[in-house]
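The sequence lines fix the lettering, A, B, ..., with proteins before strands; numbering per chain opens at 1.
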Amino acid sequence: MSSEVPSLQSDSLSNPLEHVTLVWLSGVGCNGCTLAMLEASNPGIEDLFFGNIPDAPRVTLIHPELSMESGVDFLAMLDRAVDGRLGPVVLVLEGAIPEDRGDASGAGYRIGRGKDGHPLSLSWWVEQFASQAEALIAIGTCATAGGLPNALGSPLQVRSLGDLLGPGFVSRAGLPVINIPGCAPPGEAFIETLTYLFLHLQQLVPLDLDDEGRPRWLYLHETSPLPPRVEFSPAIGLDLSNRPVIHCPVPSTGWMRKLGGCARVGGSCIGCTEPDFADRLLALARPDPAVN
Amino acid sequence: MVFQTLPVEFDGFGRARLRDEEAEQPYFFIDQRRRQQVAQFERSRIESISRPGVERMRVEPLNRTNGRLGLDLTVDLQNARVLSARMESVEFSPFELMTENRRASDAVPISSRTRGGASGAHAISSSLALEMAGGIVPPPLAIIARNLGACGELIADCVRHLFLLAGPDYAEPVMRKSNPSIWRRAESTRSANASLHGFGTIAELMRGLAPMAGDLSLEALQIYRLACEISTLVYGKSPHPSTIFPGGNGVEGSRELFTLILGRINTILDYGKLVVAVWDDLIDFLYEAEPKFERLGALPANLISSGLWDDPEFYTATYSTCNDWGARRLSGPGIIVNGEKRSSRLTDLNIGLEEFVDHTHFVPWDRQRFTADPLDNPISPYHPWNKETLLEAKSAQPPAADATWLTAPRWDRETMECGSLARLWINSVFRHQNCEFILPVRQGLEINLPKGNHPAKRLNWYRPDRPNALERLRATAYQISYAGMVAYANLLTAFDCLRRGESGMSNRFILPDRSRGIGFWENGSGMITHHLVVRNHLITNYQINGPVEWLASSLDYAGWPGVIEQALVNSPLFEETGSIEDYRAIDLQRVVRSFAP
């Protein structure tokens with residue numbers, strides 16, 4: 001930590017930020033990032049709810065898989081969050097943003113309907129929050145780059161959070177879109193970034209993001225696409241020098257609690273953190289030899 | 001009789017054939033009985049719809065499910081009846097189309113993305129389909145490792161079902177508001193198993209269920225993570241395994257791996273004793289406080305399971321022997337229609353499958369590539385090996401108002417319920433006994449848990465009269481221990497393998513030129529099948545059916561509603577809500593979530 005950063009012993013009682021509403025929206029994807037988020041512990045998401053983390057605000061979560069409310073009550077909560085009535089908001093987007101066709105089907109992926117019955121698309125909701133949220137986090141490669149729903153053969157037209165908001169976007173707190181790529185990224189990476197974001201908002205530590213909006217210290221580690229550890233493997237004798245570079249925390253941190261971790265334990269690396277995941281990278285990680 | 005509606009019968013050797021071999025289009029018919037049922041149902045709905053007190057309402061988004069669902073209801077509040085219920089999914093899953101024209105092995109990482117909570121189950125199902133297509137069997141230890149990863153994921157899924165998705169509907173804040181008289185009774189009712197779980201009254205249990213706040217919920221979160229550690233140890237990561245591929249598993253099958261899993265399973269086996277005590281107390285109390293709970297979400301027993309967890313001694317990957325290895329699964333396959341056993345053969349399960357797109361955003365296909373399975377058993381033009389995933393053209397008319405993004409799968413033209421309750425039920429009535437610690441008995445199942453921090457305990461699961469919302473939750477609680485003992489049995493076999501020096505974890509996977517395959521597997525909410533067709537080493541058709549399709553889909557070709565829709569229409573309404581403005585259909589939300597769709 002650099003010397004300019006104020007000490008963490010600042011008086012928490014005078015924190016400007018005592019409570020944050022975390023609004024979690026989901027688009028085209030598999031909800032796997034939510035499950036990964038729940039896997040993180042020490043701290044876990046519940047520690048944020050209880051306000052157990054020194055200098056971090058107490059968090060209330062609005063989430064389609066975890067909130068008690070459904071239907072009109074859930075939509076009313078989102079409305080209140082958009083209107084600023086729930087205090088400072090941080091938006092988290094999981095999944096890619098589908099094209100808003102505005103037709104009767106709402107192009108699928110609508111989140112409720114307006115008072116006159118017209119579908120409310122995900123992109124509409126994200127735009128509502130874009131000016132209101134202190135910070136916006138894209139979790140998972142679908143949200144950071146389009147991910148698998150953008151790959152070859154998908155009939156969907158999807159955008160990432162960064163694409164929707166445009167290159168010069170900054171949030172109320174002056175931050176670009178924070179990207180936590182991975183399919184899914186480890187929950188620990190998300191909770192860690194969120195905690196750092198809170199400490200940043202309290203002006204206690206800088207949030208160090210790289211050019212792609214990723215928490216720099218987590219995505220420093222380099223690896224390459226690799227097939228799984230297979231007997232008779234094409235990986236045996238594989239020339240690794242010409243492989244694309246993958247930036248990912250997992251080779252260093254494992255998947256959860258230092259366990260697992262893809263190629264670290266014999267699994268494949270399909271390059272799931274990279275913006276051009278999946279087609280080119282998936283092809284470099286096949287377990288079976290090429291035919292002919 | 002295996003099939004009542006499909007035009008298929010069996011000869012003296014047990015081979016399936018069409019009843020009328022001359023019939024031109026034997027599968028193009030609407031069952032008369034079904035036509036009458038639909039007409040009668042529509043008549044009574046239309047008659048009552050104009051009555052006073054009838055309200056139309058939408059619950060959308062319907063949160064705390066695995067899918068993205070909305071619920072459209074017509075409710076007669078004065079007579080406490082549900083006149084109609086339509087489920088809609090607003091989520092289109094692109095992964096069937098994305099696997100087409102790709103190298104076959106790419107199907108595993110792509111199809112796993114269908115659903116995060118079932119990603120291991122999808123990856124395994126995809127691997128099984130490819131193993132069948134390629135005729136390749138992984139070494140025993142790799143099959144065991146796969147089973148163990150699946151145990152971890154299934155346990156995590158069940159814990160989430162009970163404490164994050166469906167269970168919170170019975171937590172204090174909801175009960176106090178929706179059923180205040182039951183809540184008052186809960187405050188003065190002692191829990192029978194208080195000595196085990198420590199919650200003196202039912203009200204205390206309900207407080208414990210408050211999501212991410214109550215003690216039960218927070219403990220469940222820790223167990224969820226422990227179960228995820230098990231799947232992570234085998235899968236490399238979870239969700240979305242990086243070690244699973246056809247023919248093996250990339251992780252090293254070392255003593256260390258299995259010892260790390262054993263330590264975690266022991267904790268979960270202790271937890272299994274607790275979680276069953278909690279849900280038994282809660283469910284028994286609810287029946288007593290409000291007998292209408294017996295009918296909440298009740299359905300006739302139409303149950304299907306392909307089973308899961310293969311025995312490495314019997315698993316041969318091929319279709320021609322799938323009835324043999326299927327019968328040896330540690331949770332066995334079976335089909336029950338209207339309470340009666342139909343079959344426990346995987347080939348019957350397969351050839352009875354059909355998928356309908358009539359009330360969806362998909363459009364029908366016009367080819368029938370296959371008229372039979374590889375054993376020459378007839379299959380329908382609507383069978384997943386024939387079905388094609390086709391999207392409506394963009395310029396087409398707006399889709400029908402009742403269209404959904406879920407296709408309607410049927411077996412012998414029946415809607416089928418799947419999940420923990422179906423699995424336990426099927427294992428008891430078909431008397432599958434492939435795990436030494438789990439015994440089918442006349443009234444249900446016995447699960448024998450070893451001593452841990454808590455003394456050894458025999459759990460007795462009793463088959464209910466019929467499926468309902470609470471029994472789905474109870475079965476999910478017992479399923480945790482069931483899966484835990486399956487893991488325990490697999491660990492014992494793993495240590496045996498290592499003692500014998502059988503530590504191989506993969507066999508060479510060779511891409512077939514032309515082939516077909518199916519993967520049968522399950523996650524917490526039910527059956528997952530992957531059907532694939534391979535030509536020139538590429539996938540030309542890939543079809544995925546999971547629990548969300550079986551449970552949360554809507555009308556089929558005959559206008560017959562899906563499983564959850566039927567469960568809603570049959571349900572009593574008994575929440576104590578003052579006014580229509582406050583009415584949130586909590587009873588009905590409980591019904592939907594009991595399935596964890």
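Of all heavy-atom pairs spanning Pro228(A) and Phe245(B), the tightest one is CG-CD2, 3.5 Å. Considering every non-hydrogen atom in both Leu75(A) and Glu60(B), the closest pair reads CD1-O, 3.8 Å. Minimum heavy-atom separation, Ser105(B) to Arg286(A): OG-CG, 4.0 Å. The minimum heavy-atom distance linking Thr243(B) with Gly266(A) is given by the pair CG2-C, 4.5 Å. Of all heavy-atom pairs between Pro94(B) and Ser154(A), the closest is CB-OG, 3.8 Å. When every heavy atom of Ala184(A) is checked against every heavy atom of Lys237(B), the shortest pair comes out as N-NZ, 3.5 Å.
The candidate with the highest count of non-hydrogen atom pairs below 4.5 Å against chain B, out of Gly187(A), Gly153(A), Pro64(A), is Pro64(A). Contact count against chain B (heavy-atom pairs under 4.5 Å) is highest for Val265(A) among Ile270(A), Val265(A), Ile45(A). Contact count versus chain A (heavy atoms, under 4.5 Å) is highest, among Glu96(B), Glu100(B), Arg584(B), for Arg584(B). With respect to chain B, the highest number of heavy-atom pairs below 4.5 Å among Gly44(A), Ala283(A), Cys262(A) belongs to Cys262(A). Residue with the most contacts toward chain B among Ser70(A), Gly260(A), Gly32(A): Ser70(A) (heavy-atom pairs, distance under 4.5 Å).
Contact check for Leu282(A) versus Ile110(B): side-chain heavy atoms found under the 4.5 Å cut-off. Taking 4.5 Å as the limit, some side-chain heavy atom of Met68(A) sits within range of a side-chain heavy atom of Val174(B). In this structure, Leu156(A) and Met98(B) have side chains that are not in contact, with every pair of non-hydrogen atoms separated by 4.5 Å or more. In this structure, the side chains of His122(B) and Cys30(A) stay at 4.5 Å or more apart for every pair of heavy atoms. Inter-residue side-chain proximity for Ser242(B) and Cys269(A) is flagged as unmet; no heavy-atom pair is nearer than 4.5 Å. Using a 4.5 Å cut-off on side-chain heavy atoms (C-beta onward), Pro98(A) and Phe92(B) make no contact.
Within the 4.5 angstrom heavy-atom criterion, no atom of Tyr235(B) approaches chain A. Heavy atoms closer than 4.5 Å to chain A are found nowhere in Asn101(B), neither backbone nor side chain. Looking at Gln222(B), the atoms closer than 4.5 Å to chain A (heavy atoms on both sides) all sit in the side chain, from C-beta outward. With a 4.5 Å cut-off on non-hydrogen atoms, Leu221(B) touches chain A through its side chain but not through its backbone. For Arg64(B), the parts sitting under 4.5 Å from any heavy atom of chain A are the backbone and the side chain alike. Proximity to chain A (any heavy atom under 4.5 Å) is restricted, for Thr114(B), to the backbone atoms N, CA, C and O. Heavy atoms of Leu233(B) lying under 4.5 Å from chain A belong exclusively to its side chain. Heavy-atom distances place no part of Leu61(A) under 4.5 Å from chain B, backbone and side chain included. Heavy-atom distances place both the backbone and the side chain of Ser26(A) under 4.5 Å from chain B. When heavy atoms are compared at a cutoff of 4.5 Å, Pro211(B) approaches chain A solely by way of its side chain, counted from C-beta outward. Only the side chain of Leu165(B) has a heavy atom closer than 4.5 Å to any heavy atom of chain A. Within the 4.5 angstrom heavy-atom criterion, atoms from both the backbone and the side chain of Cys183(A) approach chain B. Using a 4.5 Å cut-off between heavy atoms, Arg113(B) touches chain A through backbone and side chain atoms alike. The parts of Leu35(A) that come within reach of chain B are both its backbone and its side chain, each placing non-hydrogen atoms under 4.5 angstrom from that chain. For Glu229(B), the parts sitting under 4.5 Å from any heavy atom of chain A are the backbone and the side chain alike.
In this structure, Gln589(B) CD and Glu69(A) CD are separated by 10.0 Å, a value rounded to the nearest 0.5 Å. Interatomic distance, OG of Ser238(B) versus CD of Glu39(A), reported as 5.5 Å (0.5 Å rounding). Between the CG atom of Leu259(A) and the OG atom of Ser231(B) there is a distance of 10.5 Å, given to the nearest 0.5 Å. Residue Arg102(B) holds its CZ atom at 5.5 Å from CG of Leu152(A), rounded to the nearest 0.5 Å. Separation of atoms CZ (Phe50(A)) and CG (Leu218(B)) is listed at 4.5 Å; rounding is to 0.5 Å. Distance CZ/Arg229(A) to CE/Met505(B): 7.0 Å, rounded to 0.5 Å.
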| said: Applying side chain to side chain contact (heavy atoms under 4.5 Å, CB included) to Asn63(B) and His63(A), what does each step give before you reach the verdict? | reply: CA-CA 8 Å; Asn63(B) 288 338; His63(A) 189 297; over 6 Å; no
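Panel note: side chain Arg225(B), backbone Ala40(A); a donor-acceptor pair is recorded below 3.5 Å.
Residue-environment remark: CG (Asn536(B)) stays at or below the threshold of 12 foreign heavy atoms within 6.0 Å.
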